[in-house]
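Every chain is numbered from 1 and lettered A, B, ... according to where its sequence line falls, protein lines coming before strand lines. Values below: every heavy atom of this structure, side chains too, minus hydrogens, waters and symmetry copies.
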Amino acid sequence: MFPYPSGAGLHVGHPLGYIASDIYARYKRLRGFNVLHPMGYDAYGLPAEQYAIQTGQHPAITTVNNINRYREQLDKIGFSFDWDREVRTCDPKYYHWTQWAFQRMFNSFYCNTCQRAKPIGQLISHFEKQGTEGLDVACSEELSFTAEAWKAMSEREKQETLMNYRIAYLGETMVNWCPKLGTVLANDEVIEGVSARGGYPVVQKKMRQWCLRVSAYAQRLLDGLDTVDWTDSLKETQRNWIGRSEGTEVRFKVKDSDLEFTIFTTRADTMFGVTFMVLAPESELVAQVTTDAQRAEVEAYLDRTKKRTERERIADRKVTGVFTGSYAINPFTGDAVPIWVSDYVLAGYGTGAIMAVPAHDSRDYAFAKHFNLPIVPLVEGCDVSEESFDAKEGIVCNSPKAGVTPYCDLNLNGLTIKEAIAATKKYVKEHHLGRVKVNFRLRDAIFSRQRYWGEPFPVYYKDGMPYMIDESKLPLELPEVAKFLPTESGEPPLGHATKWAWDVEKGEVVDNALIDNRTVFPLELNTMPGFAGSSAYYLRYMDPHNDKALVSKEADEYWQNVDLYVGGTEHATGHLIYSRFWNKFLFDLGVSVKEEPFQKLINQGMIQGRSNFVYRIKDTNTFVSLNLKDQYEVTPLHVDVNIVSNDVLDVEAFRNWRPEYKDAEFILEDGKYICGWAVEKMSKSMFNVVNPDVIVENYGADTLRLYEMFLGPIEQSKPWDTNGIDGVHRFLKKLWALFYGKEGWQVTDAEPAPAELKSLHKLIKKVTQDIENFSYNTSISAFMICVNELTSMKCYKKAILEPLTVVLAPFAPHVAEEFWHTLGHDTTVCDAPWPAYNEEYLKENTATYAISFNGKVRYNLELPADMPKEDVEKTALAHENSAKWLEGKSVKKVIVVPKKIVNIVIG
RNA sequence: GCUCGAAUGGUGGAAUCGGUAGACACGAAGGACUUAAAAUCCUUUGGCUAUUGCAGCUGUGCGGGUUCAAGUCCCGCUUCGAGUACCA
């Protein structure tokens, strides 16, 4: 995953994933593969713009500076990136194709029957021939009109109608509005009611916004997860986010009225236990069903809920609601049940109306208890006096109730819940009471941002409706503005641009003054969100300089999709959903050859900071060492980890660190000041940031690479602790000592001994297997063992060191390169072939068997390695040591385990 | 609440199919070399009891179970982490 180049530069945690993929890339190259290992920058984003607002510095300048700093830092670590393929999302040559894809989405609709996107022209001809008859397509709302009605529509009406079907569409939707940031945010950019960036409050607001019909792809996004090699937990996160739910829609008539409305339920089996209905406050039905007697009360309630922000609703989950005065007729019982309004029903999910079955739904139960509504249990033997019975298991009863004349001929009594759901679905279908329906939690993505630093939309407005500028005129470049803030009239920052109008005839951007709404029209003022540019960048790497297409057919067919993608789990419900959606759309267009963009995904863990503390005695400038601090009243204070070594404070450095500590006094233990420590986020304010540049300067790039990998499994989050780095650094020095003795270069051409070959081949085998499993930390252990063995055997023979150098190359490329030249090669180590290991060398002559009795190991026995199982058994039983364990007992059976264990079971 | 994952020495972590738990590394203790320091090397290092009996017992969050054999499998808990949350 390419990085967002932030102003803080890289800390030691950022390169982790890049080191892991670099090792894999180098390994695959050594095995003879053509590897595409690229790098680029996700260069549009809020921080550069916020910085611009504060300082006036143009975000483009900030961004370039940050990129240069990133590049400098990355280069120090020695990555084998193919920099010729670098992409930057803010480069017009790049966002040309972001805009292009958006236009294609605008000009497409989603056909549910064939489960793919199609050109909007096909939809128009369908309308011309038969209106909406026989149409099964993704849409914002179900429309129904005839061919004649379509033809009678004005141009504007037609455009409005098409909006309902386009994959990129302008929609009037409830959005997450962040007043502080002055922009809307996507669902994944809001966490617990506040913005992910900055933590500012977010409110719900209705706005006309560009949206992407991601929901149309919900089923494919779900199914595709079965075809990719990702961790189960990440797939599970995406499944939850997509939230497929199979259920039934049922129509309820309103008593004494022509009105009817539809509810969605996954528990069709509970139709006989409905005791009231609930509408979402935002539902249009509320006004229609409210009786005059209740009107004042209902309106007061709506008013109150509107004022509550998302955050307040989360924080305070009191049961609230109001009766509308109307009743609905249950189509299964004929009963009239009251219709209520409550904010526990969401307008955005299902139909915005529910049937309440308090006996079997905890939320309905709480509501019923609060307003004293009846509760009818429907499962044999369940107790609903204290809480609802939500489990989907048991035998149905009371459906219908005994002794009541049946209203319909459906009887669910005696069925299991599963059977009852199926039976009800069947009944609903046959009697046209509703339909079987699959709902998804996944919503369409809101695609407009009221910001400056993002891709401009290639869109102009005519008669209030959006039109795409000609595809051949792309890219539409981001204009200059005087200010990066919203305008006085509340328009986005692009409202400040003076040259931001589109001349259709000339096909170019012209001055706003020329707008005449005949040939010159105003351009869109919103920009695209961060995920626009980061959704298809991997395709661009395959063919980065192509100005005719996002990617050529040849390049795409050659490289296909990403074999190995490395990045954090924090993108599970953002980038990794959008990217999959975007790629599936391009797949439908025939642009991408693979339906899933990322075949294998590895989630690298976060590197946390390891903070150090000093303890100041209250009201003094005296600091007390960790293990003596309990004798005083102390305040723990963060101290810069760079002046602490193995938790021992450099007292002098501390006095010089900040002026207020110049005269600090210390209470030491064993002559040292020991600091406390804690694992926290790596951040400036905790003084625990470790810069990779400093590590490279002190130990070299290879030590940094090795240590980052040695720290633990890639997937795991772990604190950075510079202390352990000496271990891997020592390993490199020992290896160096094999090549260069005290008298210098000492590699010989002598024939290697069997023990030396064994050591080498053990290493090659282990490293080969480990790299394939991304278990780099254990590989490095294997290197250390091998080098220790070779050192103790004083083996510095070329036949051993040469293959060793090659397998080391992915991990420590600089050192390996140096050795490779020393060994007399004028090629680079990257061109070497990966050495094969020979099992012959690994074979043992003798094997040590652990002889155990009833699972307890008692003694060891040396036997020839190729001794047959039966002979091992006999020898073990016959051995003199066995006699004392067998005394007075009989042998029940003997088990010889491949791992050289003989277990003798005795009675 | 629901879903998923994890728990192993002072620390990071090994243990691939159920087969001698603690590889490798850090830290710590002791020693060699050195005027001294750095660097390097050697020894010890889960706990307990021994240590001129060189071994024994115990031990992978807790309680059970399966098995000749469990860190690993099964059942029931505890704690921590991640995701998600009036989704009907």
Side-chain angles (χ1 to χ4, degrees), chain A residues 191-192 231-241 243-245 247-248 263-267 270 278 280 313-314 317 319 342-346 348-357 360-364 366-367 390 439-443 569-570 572-573 603 605-606 610 646-648 677 706-707 710-713 715-731 733-734 737 766 769-770 773 775 777-785 788 791 848-858 860 892-907:
Chain A
I191 298 162
E192 287 176 1
T231 62
D232 289 337
S233 74
L234 196 89
K235 286 185 186 182
E236 195 60 28
T237 304
Q238 288 214 342
R239 283 193 193 105
N240 291 341
W241 187 258
R244 186 181 199 270
S245 154
T248 317
I263 58 91
F264 175 78
T265 181
T266 53
R267 292 293 302 273
T270 60
V278 188
R313 276 170 72 158
I314 289 163
R317 229 177 256 181
V319 177
S342 174
D343 66 0
Y344 84 88
V345 175
L346 304 177
Y349 184 77
T351 62
I354 62 152
M355 62 179 211
V357 185
H360 302 290
D361 183 285
S362 51
R363 297 152 303 176
D364 296 347
F367 196 83
D390 290 14
N439 266 337
F440 292 94
R441 203 190 78 108
L442 183 72
R443 311 292 170 79
T569 33
E570 65 272 22
T573 54
N603 296 117
M606 283 225 267
R610 188 182 187 278
N646 281 328
D647 294 334
V648 178
W677 62 274
L706 284 172
Y707 188 51
F710 188 64
L711 228 39
E715 300 90 341
Q716 219 158 81
S717 286
K718 56 236 156 184
W720 177 270
D721 183 357
T722 308
N723 291 332
I725 204 164
D726 285 337
V728 289
H729 194 227
R730 239 168 252 159
F731 152 71
K733 283 197 278 191
K734 278 183 197 169
K766 177 82 176 138
Q769 290 171 349
D770 279 353
N773 297 326
S775 176
N777 55 333
T778 52
S779 280
I780 294 166
S781 294
F783 275 113
M784 290 174 173
I785 295 167
N788 280 342
T791 304
T848 308
Y849 281 88
I851 312 299
S852 64
F853 293 84
N854 285 350
K856 211 137 209 125
V857 176
R858 296 305 178 178
N860 289 335
K892 283 190 178 162
K893 62 177 156 175
V894 180
I895 298 146
V896 181
V897 177
K899 280 215 172 167
K900 308 289 181 246
I901 295 162
V902 180
N903 192 21
I904 300 162
V905 185
I906 52 180

Base, sugar-phosphate, or nothing: which does A:P719 touch, judged by heavy atoms less than 4.0 Å apart? nothing
From B:rC4, B:rU20, B:rA88, pick the nucleotide closest to the side chain of A:F264? B:rA88
What contact category does A:L711 fall into here, base, sugar-phosphate, or nothing, at under 4.0 angstrom with non-hydrogen atoms? sugar-phosphate
Scan A:I785 against the nucleic acid and name what it touches under 4.0 Å (heavy atoms): base, sugar-phosphate only, or nothing. sugar-phosphate
A:F710 and A:S781: which non-hydrogen atoms are nearest, and at how many Å? CE1-OG, 3.7 Å
Just checking, is any N or O donor in the side chain of A:N903 or A:S852 under 3.5 Å from an acceptor N or O on the other one? yes
Counting heavy atoms from C-beta on, name the nucleotide in B:rA88, B:rU3, B:rU16 closest to the side chain of A:L346. B:rA88
For atom CG of A:D726 and atom P of B:rA28, their distance in whole Å: 11 Å
With sugar-phosphate meaning primed atoms plus P, OP1 and OP2, does A:R443 contact a base, only sugar-phosphate, or nothing at under 4.0 Å between heavy atoms? base
Base, sugar-phosphate alone, or nothing: which one does A:N777 contact when heavy atoms must sit under 4.0 Å apart? sugar-phosphate
Ignoring backbone atoms, establish whether A:K718 has a side-chain N or O less than 4.0 Å from OP1 or OP2 of B:rG12. no
Before we go on, tell me: are the rings of A:W241 and A:F440 under 6.0 Å apart, centre to centre? no
A:M784 has a side chain; which of B:rU16, B:rA14, B:rC24 sits nearest to it? B:rC24
Roughly how many Å apart are B:rG61 and B:rU8, using the P atom of each and rounding to a whole number? 6 Å
Tell me, please, which residues at least two apart from A:Q238 pass side-chain contact (heavy atoms from CB on, under 4.5 Å). A:L225, A:W230, A:L576, A:I577, A:R580
Side chains of A:T848 and A:N860, donor plus acceptor under 3.5 Å: no
Using the P atom in both, what is the distance from B:rU20 to B:rA15, to the nearest Å? 14 Å
N-O pairing of A:R610 and A:D647 below 4.0 Å: yes
Distance only, no hydrogens: is a donor on one side chain within 3.5 Å (strictly under) of an acceptor on the other, for A:N439 and A:S245? no
Atom pairs under 3.5 Å, N or O on each side, protein against nucleotides 36-44 of chain B: can you list them with distances?
residue : atom : partner : partner atom : Å
B:rU40  : OP1  : A:K733  : NZ           : 3.4

Taking atom C1' of B:rG19 as reference, at what distance in whole Å does atom CD1 of A:I851 sit? 13 Å
Rounded distance in Å between the P positions of B:rU60 and B:rG9: 9 Å
If you check the A:N854 side chain, which of B:rA88, B:rC24, B:rC68 turns out closest? B:rC68
Give A:N788 one of three labels, base, sugar-phosphate or nothing, depending on what nucleic acid heavy atoms sit under 4.0 Å from its own. sugar-phosphate
In whole Å, what separates the C1' atom of B:rA55 from that of B:rG65? 33 Å
Distance check, P atoms only: B:rG83 and B:rA70, in whole angstrom units. 37 Å
Using atom P of each nucleotide, how far apart are B:rC33 and B:rA28 to the nearest Å? 22 Å
Decide, for B:rC74, between syn and anti: a glycosidic angle within 90° of 0 counts as syn, anything else as anti. anti
